Amino acid sequence: QVQLVESGGDSVQAGGSLRLSCAASGSIFSINVMGWYRQAPGKQRELVARITSDGSTNYADSVKDRVTISRDSAKDTVYLQLNSLKPEDTAVYYCRAQGGGSYWGKGTLVTVSA
């Protein structure tokens with residue numbers, strides 16, 4: 001089992017920045033991929049970015065110029081840096097771990113006002 005706890009969500013104005021954190025615990029040795037997803041009201045959950053165990057990254061086209069995913073292996077934590085935030089970035093952001101199963105955190109809310 002892997003436990004994931006997200007933090008860093010906040011209410012910001014358009015153009016602002018946030019850094020989200022996802023702390024992993026439990027059977028973290030089994031994790032191959034860590035990712036950030038988001039779900040806006042009335043919409044399906046979508047991939048924002050992910051990072052593999054060898055450091056390869058993937059980004060959604062809608063955010064790739066404004067978002068950076070990174071990890072601190074020593075802290076078992078993955079980060080999502082969000083820049084130039086737009087109102088359409090408003091969503092609950094979820095962390096996901098894959099490897100030996102699929103695990104989700106409970107999410108952290110990002111609200112961007114115009």
Side-chain angles (χ1 to χ4, degrees):
Q1 291 290 324
V2 174
Q3 294 79 44
L4 303 171
V5 178
E6 303 97 331
S7 61
D10 204 347
S11 296
V12 298
Q13 291 188 330
S17 298
L18 285 174
R19 189 176 80 156
L20 308 183
S21 300
C22 173
S25 62
S27 302
I28 58 175
F29 58 87
S30 67
I31 298 173
N32 297 319
V33 182
M34 293 286 292
W36 284 96
Y37 292 71
R38 67 184 182 185
Q39 187 166 17
K43 295 188 177 181
Q44 291 188 332
R45 194 171 297 188
E46 62 178 2
L47 173 69
V48 178
R50 61 185 178 187
I51 185 167
T52 66
S53 56
D54 65 1
S56 298
T57 57
N58 296 98
Y59 296 93
D61 288 341
S62 59
V63 301
K64 63 181 179 180
D65 295 329
R66 302 184 291 116
V67 167
T68 303
I69 188 170
S70 62
R71 65 182 183 184
D72 185 335
S73 298
K75 296 182 179 180
D76 297 325
T77 299
V78 173
Y79 303 98
L80 187 70
Q81 179 69 41
L82 303 167
N83 299 320
S84 302
L85 282 161
K86 305 175 181 180
E88 51 263 44
D89 293 319
T90 295
V92 178
Y93 284 71
Y94 296 92
C95 182
R96 182 187 187 189
Q98 295 173 272
S102 178
Y103 306 93
W104 292 89
K106 294 183 178 181
T108 186
L109 178 63
V110 172
T111 303
V112 185
S113 57

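For clarity, every value in this text was computed on a predicted model and none was experimentally measured.
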*Asks:* If you look at every heavy atom in Asn32 and Gly99, which pair is closest and at what distance?
*Replies:* ND2-CA, 3.8 Å
*Asks:* For the pair Asn83 and Ser17, evaluate side chain to side chain donor-acceptor pair (under 3.5 Å) and give the outcome as yes or no after the intermediate values.
*Replies:* CA-CA 4 Å; Asn83 299 320; Ser17 298; 3.1 Å; yes
*Asks:* Can you give me the closest heavy-atom contact between Ala14 and Ala114, atom names plus distance?
*Replies:* CB-CA, 4.3 Å
*Asks:* Identify the residue among Ile51, Ile69, Asp76 that makes a side chain to side chain contact (heavy atoms under 4.5 Å, CB included) with Met34.
*Replies:*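 It is Ile51, the one option of Ile51, Ile69, Asp76 that forms the side chain to side chain contact (heavy atoms under 4.5 Å, CB included) with Met34.
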*Asks:* Quick check on Glu88: does its CD atom have over 12 non-hydrogen neighbours (other residues, nucleotides or ligands) under 6.0 Å away?
*Replies:* yes
*Asks:* Measuring from Arg71:CZ to Thr57:OG1, what's the distance to the nearest 0.5 Å?
*Replies:* 10.5 Å
*Asks:* Enter the distance from Ile31:CD1 to Ser53:OG here, rounded to the nearest 0.5 Å.
*Replies:* 10.0 Å
*Asks:* Measure from the side-chain N and O atoms of Ser27 to the backbone N and O of Val2, and report whether any donor-acceptor pair falls under 3.5 Å.
*Replies:* no
*Asks:* Is the charged tip of Arg45 near the ring of Tyr37: under 6.0 Å from the six-membered ring centre and within 45° of its axis?
*Replies:*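 Checked: cation-pi criterion not met.
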*Asks:* Backbone N or O of Cys95 within a donor-acceptor pair of the Glu6 side chain at under 3.5 Å?
*Replies:* yes
*Asks:* Just how far is it from atom CD of Gln39 to atom CG of Leu109, taken to the nearest 0.5 Å?
*Replies:* 12.0 Å
*Asks:* So does Val112 get a backbone contact from the side chain of Thr90, meaning a donor-acceptor N/O pair under 3.5 Å?
*Replies:* yes
*Asks:* State plainly whether one hydrophobic cluster holds both Val12 and Trp36, where clusters connect Ile, Leu, Val, Met, Phe, Trp and Tyr through side-chain heavy atoms under 4.5 angstrom apart.
*Replies:*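 Yes, Val12 connects to Trp36 through the hydrophobic network.
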*Asks:* With clusters defined by side-chain heavy atoms of hydrophobic residues (ILVMFWY) lying less than 4.5 Å apart, directly or transitively, does Tyr94 cluster with Val110?
*Replies:* no
*Asks:* From the options Val63, Val67, Asp89, select the one residue that forms a side chain to side chain contact (heavy atoms under 4.5 Å, CB included) with Leu82.
*Replies:* Val67
*Asks:* Quick one: closest heavy-atom pair of Gly107 and Val92, and the distance?
*Replies:* CA-CG1, 3.8 Å
*Asks:* Would you say Tyr93 ends up clustered with Trp104 if hydrophobic residues are merged whenever their side chains have heavy atoms under 4.5 Å apart, either directly or through other cluster members?
*Replies:* no
*Asks:* Determine whether more than 12 heavy atoms belonging to other residues, nucleotides or ligands lie under 6.0 Å from atom CD of Gln13.
*Replies:* no
